[in-house]
Amino acid sequence: MSRMINVALPKGRLGKNVYAMLEQAEYECPELLEDNRKLIFENKEKNIRYFWAKPTDVTIYVERGAADIGIAGKDILLEYDPDVYELLDLNMGKCRMAVAAPEGYHEDPESTLRVATKFPNIARDFYGKESRDIDIINLHGSIELAPIVGLSDVIVDIVETGTTLRENHLEVIEDVVPISARFIANKASFRFKTAEIEAIRDALADCVARKAQEKGE
Ligand code: PRP
């Protein structure tokens, strides 16, 4: 007998794209795409329940077992290091974590580098490897503002299209790590619902492979 699987999807475009793959794989739940403010949807026949979570919270639902599986960015996994299994790279939501600074910026290696970021652990880890003295300024959004108004020297942040940097006269000075969306599972759920979770992972892996082939990757 197949058991109910709880899936935490990140609210927004990435979550909708992943749901579209799951729908193709016959894990559909038609109500989910209706224009309403509901957060939780269930298809009893298919034994699947979806909920929309804030993207940065998906790992919390999965780590604590409120969701059996979920979709989270590698940035969140690196920053919070949740105790979950990472089962598949979805090859979606691709961007990079990078260090950026005002155009023409010259670093003074003698002074402590002021780094504004939403990702203090990733930044600390990156500069730790370079043995660089830094002062982390932990912000929660609009990170690009910090070096413009003199709050920081550089930022460590997500760069997707590069538009935000360009429009604020900032530029990438170093790449930190490439980012993409990952399929994750709660460890105990994976032990007790192995077949169900593996079936979903395999269906997603097929979709990812097909998409890559179509794109000629
Ligand atoms: C993210 C990120 C950058 C921007 C990068 O911010 O922190 O600011 O997107 O995208 P781009 O390279 O395509 O311009 P988000 O929109 O999540 O808002 P926030 O700055 O308030 O966190």
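Read the numbers this way: they start at 1 and go in the same order the structure lists the ligands and their atoms. Computed from a predicted structure; not experimentally measured.
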Exercise for the section: Please list, chain by chain and in numerical order, all residues satisfying side-chain hydrogen bond (donor to acceptor under 3.5 Å, both in side chains) with Ser180, sequence neighbours excluded. Expected result: Asp89, Arg182
Exercise for the section: Can you sort out the partners of Arg132 under side-chain hydrogen bond (donor to acceptor under 3.5 Å, both in side chains), two or more places apart, ordered by chain and number? Expected result: Glu107
Which ligand 1 atoms, with their elements, are less than 4.0 angstrom from a heavy-atom of [X]?
X      : result
Thr161 : 11 (P), 12 (O), 13 (O), 14 (O)
Glu144 : 3 (C), 8 (O)
Gly162 : 11 (P), 12 (O), 13 (O)
Ser142 : 19 (P), 20 (O), 21 (O)

Exercise for the section: Examine Phe190 together with Tyr85 and report whether their ring centres are nearer than 6.0 Å. Expected result: yes
Among protein heavy atoms, which lies nearest [atom], and at what distance?
atom                   : answer
atom 4 (C) of ligand 1 : Thr164 OG1, 3.7 Å
atom 5 (C) of ligand 1 : Ile158 O, 3.4 Å
atom 7 (O) of ligand 1 : Asp157 OD2, 2.7 Å

Answer yes or no for [atom]: protein heavy atom present at a distance under 4.0 Å?
atom                    : answer
atom 22 (O) of ligand 1 : yes
atom 1 (C) of ligand 1  : no
atom 14 (O) of ligand 1 : yes

Exercise for the section: State, without any angle test, whether Asn91 and Lys94 hold a side-chain donor-acceptor pair at a distance under 3.5 Å. Expected result: yes
Handout entry: Glu79 and Asn121 side chains, donor-acceptor separation under 3.5 Å
Key = yes
Practice task
Return yes or no for this condition: an N or O of His140 is under 3.5 Å from an N or O of ligand 1.
Solution key: no
Handout entry: Lys46, NZ atom: more than 12 neighbouring heavy atoms under 6.0 Å
Key = yes
Practice task
Taking the side chain as every heavy atom from C-beta outward, state whether Ile184 and Ile69 have any pair of such atoms under 4.5 Å apart.
Solution key: no
Practice task
Consider ligand 1: state whether an atom of it lies below 4.0 angstrom from any non-hydrogen atom of Lys118.
Solution key: yes
Handout entry: SB check Arg96 Glu160 (cutoff 4.0 Å)
Key = no
